[in-house]
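Everything below concerns the one structure shown next.
Below, chain A is the first sequence line, B the second, and so on; all start at residue 1.
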Amino acid sequence: MMFFRRFLIGSSLTLTGFLAGSLIERRKQEPCQKVFPGLFDAVYAATPVSLPDVQSHKNVTSNRISQIMRFGFPGFDQIRSFDDYVLSYDRRNRVAHWVFEHLTPETVKHNPEVDRAKCDFKRDETVHPFFRSDNSDYKHSGFDRGHLAAAGNHKANQKHCEDTFFLSNMAPQVGKGFNRDAWNKLEKYVRKLTKKYSNVYCCTGPLYLPRKEADGKMYVKYQVLGTNSVAVPTHFFKVVVCERSDGRLEMEAYVMPNQVINDESPLTMFQVPPETIERAAGLLFFSQINRRHLVSINGKNV
DNA sequence: TTTGCTGT
């Protein structure tokens with residue numbers, strides 16, 4: 001494997017190297033492909049298997065996954081499931097397409113035995129070396145390793161918290177003024193929704209939005225970090241669905257630019273129609289929702 | 001409080 005890594009880094013990518021890499025990847029993916037499109041089977045195959053009792057863990061996990069994904073998958077590229085969240089990985093950009101969480105008063109409840117400081121940012125060994133990011137990519141980059149599934153949403157259980165520290169759940173985020181401020185405020189707001197609603201479903205991900213350049217044409221331009229060329233998203237989105245006690249659903253959708261944001265800006269300033277995000281990201285959110293149950297979008301009745 | 005960084 002080291003040979004291929006050096007091959008990639010040290011010289012230009014030739015057809016031979018590409019084919020060799022493809023074969024390795026195909027071999028690794030085969031068990032998953034065989035059972036596809038059995039959705040939960042595919043999720044099983046992506047589950048890390050270094051666990052003492054794999055079979056019972058599978059059952060517990062798959063029950064939880066079906067809860068989290070109750071209203072449908074936004075897309076099906078490179079699905080990976082963890083004990084308390086689900087992720088779709090973008091191998092080209094080395095950042096997830098989306099992560100999905102199900103928050104309840106119980107799952108966000110503070111457990112004094114859970115210590116975030118004991119968690120380390122770690123590379124996701126389940127991602128092929130060609131396509132995974134590493135801590136070195138972020139070091140001295142000027143960007144934070146920003147959680148997509150927030151650690152603060154998984155404070156009830158130490159392993160759940162640690163699962164959010166895989167680099168597959170990270171994206172390069174502007175630190176001061178964004179990740180540690182406006183974006184953090186949005187994450188706290190979503191957590192707080194569990195005080196009012198018994199079920200909160202949250203989908204989070206990056207966007208790479210076009211922008212008009214000096215020549216008047218539209219271009220998608222974004223920085224990449226380190227030897228693995230980890231993409232720096234131009235924006236991040238969050239789409240949230242809250243279930244009321246009467247079973248009715250309320251949806252909110254936000255897009256924030258990955259830049260310093262004025263601390264005075266209210267969160268409502270970043271609300272957008274969810275279909276705007278769907279078109280920009282190539283995803284469909286909450287497609288399994290019965291639209292008759294959806295009563296409001298961004299606070300406006302529908 | 002929660003979000004992270006750098007350097008030893």
Between the protein and nucleotides 6-8 of chain B, list the N/O to N/O atom pairs that are separated by less than 3.5 angstrom.
unit_1 : atom_1 : unit_2 : atom_2 : d
B:dT6  : OP1    : A:H140 : N      : 3.2

(Q) Between A:R180 and B:dC5, is there a contact of a side-chain N or O with OP1 or OP2 at under 4.0 Å? (A)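 Negative; the distance criterion is not met.
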Q) Does A:H147 make a side-chain N or O approach to OP1 or OP2 of B:dT3 shorter than 4.0 Å? A)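 No, outside the criterion.
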Which whole-number value in Å describes the distance from [X] [atom1] to [N] [atom2]?
X      : N     : atom1 : atom2 : answer
A:E187 : B:dT1 : CD    : C1'   : 13 Å
A:K192 : B:dT1 : NZ    : P     : 15 Å
A:M170 : B:dC5 : CE    : P     : 9 Å

Q) According to the side-chain hydrogen bond (donor to acceptor under 3.5 Å, both in side chains) rule, which pairs have a member within residues 270-282 of chain A, sequence neighbours left out? A) A:Y254-A:Q271
Q: Please tell me which of A:H110 and A:D144 maps to the more 5' nucleotide of DNA chain B, matching each residue to the nucleotide holding its nearest heavy atom.
A: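 Checking each residue's closest nucleotide, the 5'-ward one belongs to A:H110.
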Q: In plain terms, say whether A:D120 and A:K122 are close enough for a salt bridge, that is, a side-chain N and a carboxylate O under 4.0 Å apart.
A: no
Q: Check A:F73, A:W98, A:F71, A:F237 against A:F285 for a ring-ring contact (aromatic ring centres under 6.0 Å, His included) and give me the one that passes.
A: A:F237
**Q.** Base B:dT3 paired with A:N179 side chain (donor-acceptor, <3.5 Å)
**A.** no
Q | Heavy atoms from other residues, nucleotides or ligands near CD of A:E113 exceed 12 (cutoff 6.0 Å) | A |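 Incorrect, the count does not exceed 12.
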**Q.** With sequence neighbours excluded, residues passing side chain to side chain contact (heavy atoms under 4.5 Å, CB included) with A:V108
**A.** A:L103, A:R191, A:T194
(Q) Given B:dT3, B:dT2, B:dC5, identify the nucleotide with an atom nearest to the side chain of A:K188. (A) B:dT2
Q) Under the 3.5 angstrom rule, does the side chain of A:D124 hit a backbone N or O of A:F166 as a donor-acceptor pair? A) no
